[in-house]
Amino acid sequence: MAGLAGEGLARVSFWGIDGGCGLFKEPAMLTNQSPHPRKLYAELATLCNLGCAMCVKHSTGWDCEDALMSRSTFEALASLFPHLDTLNLNGIGEPLMHPALASFIAFARARVSNDCVVGFQSNGMLLTKVLAEELMDAGLDRVCFSVDSPDADQLERFRAGAELVQVGQAFDLMRGAAARPGARPLSLGAETVVSAQNYASLPEMVSWCADRGVEFVIASHVLPYNASDAPQSLYVPVSQRCLDFYREWEKVFDAEGLDVSHSYTSFYAVFRTPEQQRLVDIILAMKEDAQGRGLQFSLPNTMNIDFDRLARVRETFARAMDVAQRRGIRLDLPETAAREPRECAFVRNPSLFVAYDGALTPCYYLWHSYSAWLLGSEVRVKQRVFGRVPEDDPLHVWQSPDFCRFRAEAVLEEYARCADCSVAPCDHVQGFPAPFAKDCYGQAVPCGACPWSGGGFACLR
């Protein structure tokens, strides 16, 4: 199954079907590509004052040092500033740990347009009244604090060292600093990471944030960085269209009293019982239907989904949205199952990510090297670097053929849908024994395994 399929042909096995999606179209350089990024993410620190359970630093593939971005690295980005509509000063670490945070904001504010939104995300533990005022005086527009639970004990379990009282004080301090005469308007928000442990309290968390004057709440699924955390993720990477297709055929299995979980043993039985043969016949009919619809479909990935839990998550999300609407705040919820068509917000809204050491990268997914667990297996993600400041001019890097080709290929969305495939993650995308080069469709972007393209993960944008 690591082989290539021709355009328009379906790839069929017992476990899955690939209906084809326009394979092997050479991704032409997009003539409408932006000549410069509009959104810049600058990672000021990989240091952090907390020990969050869901942090990428716990990944077995993480090998990044704890460090701060140098002033020379940050100032080397200045040629990008006049073109930006957004500058986010956060990454893996805690921005408030950088002693030059306020001065970096002031440096950028003097060079970006007045409409450019300068902000960052923080755990809020290190904020003081003096620092809050310095940040506002420097030109801060937006700040987002992490709140994963309205329960103090639960929050501390998720983010070792975090205190709910201090998070509340951080909101108060920023509101107070923004209320001073002459201060810029401040957009105050919260971000929460939902998992099997805390998703039920999301409506109460939204209400808690509303009580503290937030304008928006961003919710994201947890990305498992080790095998033991994989069950905590509520995100279903299988596409919603595959889920809908499966539920249609599930009715056929149920009507005949057949247990689809016996599919494998029935399919490969040497001597089939009449019941096993009927199960196989329905599976083959289902596969033919999928092929006729041009649908890539994986039976094992889909039949192992906990649809009851998925329904509970969606009901909780709906209640949280109702609370947000009644309280007058914006709630950005992630997809519960992968959306189609896929979409990379970082390519659609031209974005550039800068690591603490000046590495110029295309997106959150490829910002660093680490391991993540997708569909129960390890995927080793390798950082994709197109250049490095201050050695390279960031605008020249952005306009380089390699970077333009990457964005062109990503925006065409002609890559494989790995979670809809029966053999994923395969050696094309798993990242070992050799690093990712191309997927089984011949695409050089690893977007098929990226959870952001399916809408399950969110961030301050």
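Keep in mind that the numbers below use all heavy atoms, side chains included, and drop hydrogens, waters and symmetry copies. Here the structure is a predicted model, which means the values were calculated and not measured.
Val214 has its side chain out of reach of Phe145: every pair of non-hydrogen atoms, C-beta onward, lies at least 4.5 Å apart. For the pair Leu243/Thr302, a side-chain contact is recorded, criterion being any heavy-atom separation below 4.5 Å from C-beta on. Leu101 is listed as a side-chain neighbour of Leu44, based on a closest heavy-atom distance under 4.5 Å. Between Leu352 and Leu77, every side-chain heavy-atom pair lies at or beyond the 4.5 Å cut-off. Residues Leu50 and Glu94 are not in side-chain contact: their nearest non-hydrogen atoms beyond the backbone lie 4.5 Å or more apart. Side-chain atoms of Val167 and Trp208, non-hydrogen and from C-beta on, do get closer than 4.5 Å to each other. Counting only heavy atoms from C-beta outward, the side chains of Leu135 and Phe120 approach each other to under 4.5 Å. Inter-residue side-chain proximity for Leu223 and Leu374 is flagged as met; some heavy-atom pair is nearer than 4.5 Å.
Between the OG atom of Ser79 and the CG atom of Asp393 there is a distance of 5.0 Å, given to the nearest 0.5 Å. Between atom CE of residue Met97 and atom CG of residue Leu126 there is a gap of 6.5 Å, rounded to the nearest 0.5 Å. Taking OG of Ser34 as the start and CZ of Arg407 as the end, the distance is 7.5 Å to the nearest 0.5 Å. Of the inter-residue distances, the one linking Tyr199 atom OH with Leu202 atom CG reads 11.0 Å to the nearest 0.5 angstrom.
The cationic group of Arg111 lies under 6.0 Å from the six-membered ring centre of Phe107 and within 45° of the ring axis, placing it in a cation-pi geometry. With a 6.0 Å cutoff to the six-membered ring centre and a 45° limit on the axis angle, Arg384 does not count as a cation-pi contact of Phe406.
A perpendicular orientation is assigned to the rings of Phe245 and Phe297, their planes being inclined by more than 60° (bins at 30° and 60°). Taking the six-membered ring where the residue is Trp, Tyr356 and His368 present parallel rings, their angle staying beneath 30° rather than reaching 60°. The aromatic rings of His36 and His83 lie parallel to each other, with less than 30° between the two planes, well short of the 60° mark.
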request  = Apply side-chain contact (heavy atoms from CB on, under 4.5 Å) to the pair Arg71 and Phe104, showing each step before the final yes or no.
outcome  = CA-CA 8 Å; Arg71 183 173 294 275; Phe104 280 13; 3.7 Å; yes
inquiry  = I'd like to know whether Arg312 forms a salt bridge (charged side-chain N to carboxylate O under 4.0 Å, His left out) with Asp308, so could you lay out the CA-CA distance, the side-chain angles of the two residues, the decisive distance to 0.1 Å, and finally the verdict.
reply    = CA-CA 6 Å; Arg312 292 194 300 271; Asp308 290 337; 5.5 Å; no
Check against salt bridge (charged side-chain N to carboxylate O under 4.0 Å, His left out), Asp172 and Arg175 = CA-CA 5 Å; Asp172 293 340; Arg175 284 203 320 274; 2.9 Å; yes
task = Report the C-alpha distance between Val445 and Cys344 in whole Å, list the side-chain angles of each, state the deciding distance to 0.1 Å, and finish with yes or no for side-chain contact (heavy atoms from CB on, under 4.5 Å).
result = CA-CA 12 Å; Val445 294; Cys344 177; over 6 Å; no
message = The test is side-chain hydrogen bond (donor to acceptor under 3.5 Å, both in side chains); show your working for Arg461 and Thr86 and say whether it passes.
response = CA-CA 7 Å; Arg461 294 206 297 259; Thr86 305; over 6 Å; no
task = Could you give me the CA-CA distance, side-chain angles and deciding distance for Arg159 and Asp148, then say whether side-chain contact (heavy atoms from CB on, under 4.5 Å) is met?
result = CA-CA 8 Å; Arg159 298 184 181 271; Asp148 296 317; 2.4 Å; yes
inquiry  = Assess the residue pair Ile329 and Phe216 against the criterion (side-chain contact (heavy atoms from CB on, under 4.5 Å)); give the C-alpha distance rounded to whole Å, side-chain angles, the decisive distance to 0.1 Å, and a yes or no.
reply    = CA-CA 5 Å; Ile329 63 176; Phe216 64 92; over 6 Å; no
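Of the possible donor and acceptor atoms, one in the side chain of Asn349 sits under 3.5 Å from a partner among the backbone N and O of Ala345. When atom types are taken as modelled, the side chain of Ser400 and the backbone of Val397 share a donor-acceptor pair closer than 3.5 angstrom. Looking only at distances, no side-chain donor or acceptor of Asp141 sits under 3.5 Å from a matching main-chain atom of Gly119. Remark: side-chain polar atoms of Asp392 are paired, donor with acceptor, to backbone N or O of Arg388 under 3.5 angstrom. Of the possible polar contacts, none joining the His98 side chain to the Glu43 backbone as a donor-acceptor pair under 3.5 Å is found. The backbone N or O of Leu295 lies less than 3.5 Å from no partner atom in the side chain of Arg241, so there is not a single donor-acceptor pair. Not a single donor-acceptor pair under 3.5 Å links the side chain of Glu163 to the backbone N or O of Val165. Between the side chain of Asp439 and the backbone N or O of Ala416, at least one donor-acceptor pair lies under 3.5 Å. In this structure, Ser369 contributes its side chain and Gln383 its backbone to a donor-acceptor pair below 3.5 Å. At distances below 3.5 Å, not a single donor-acceptor pair connects side-chain atoms of Gln430 with backbone N or O atoms of Arg380.
Residues Arg405 and Glu409 are not paired through a salt bridge, judged by the lack of any N-O separation under 4.0 Å between the basic side chain and the carboxylate. Comment: Asp153 does not engage Arg157 in a salt bridge, judged by the lack of any side-chain N to carboxylate O separation of less than 4.0 angstrom. No salt bridge links Glu335 with Arg342; every basic N to acidic carboxylate O contact stays at or beyond 4.0 Å. Salt-bridge formation is detected for the pair Lys39/Asp85: a Lys NZ or Arg NE/NH1/NH2 atom is positioned less than 4.0 Å from an Asp or Glu carboxylate oxygen.
Here the closest heavy-atom approach between residue Leu96 and residue Ser122 is recorded as CD1-OG, 3.3 Å. Minimum interatomic distance between Leu460 and Tyr41 (heavy atoms only, all atoms of both residues): O-CE2, 3.4 Å. Residue Ala45 comes nearest to Leu68 through the heavy atom pair CB-CD2, 3.6 Å, listed as atom of the first residue, atom of the second, then distance. Pairing each heavy atom of Cys459 with each of Ile218, the nearest pair is O-CD1, 3.7 Å. When all heavy atoms are compared, the tightest approach of Arg142 to Leu140 is O-CD1, 3.4 Å.
Ring centroid separation for the pair Tyr365 and Phe457 does not come in under the 6.0 Å cut-off.
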Exercise answer: donor-acceptor pairs, residues 188-195 side-chain atoms, under 3.5 Å, sequence neighbours excluded:
unit_1 : atom_1 : unit_2 : atom_2 : d
Glu191 : OE1    : Gln121 : NE2    : 3.2
Thr192 : OG1    : Val147 : O      : 3.0
Ser195 : OG     : Gln197 : N      : 3.3
Ser195 : OG     : Asn198 : OD1    : 3.3

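Using a 3.5 Å distance cut-off with no hydrogens or angles, the side chains of Ser228 and Asn226 do pair a donor with an acceptor.
The only option from Phe353, Phe386, Phe403 that meets the ring-ring contact (aromatic ring centres under 6.0 Å, His included) definition with Trp398 turns out to be Phe403.
Open room surrounds NZ on Lys438; 12 or fewer heavy atoms of other groups in view lie less than 6.0 Å from it.
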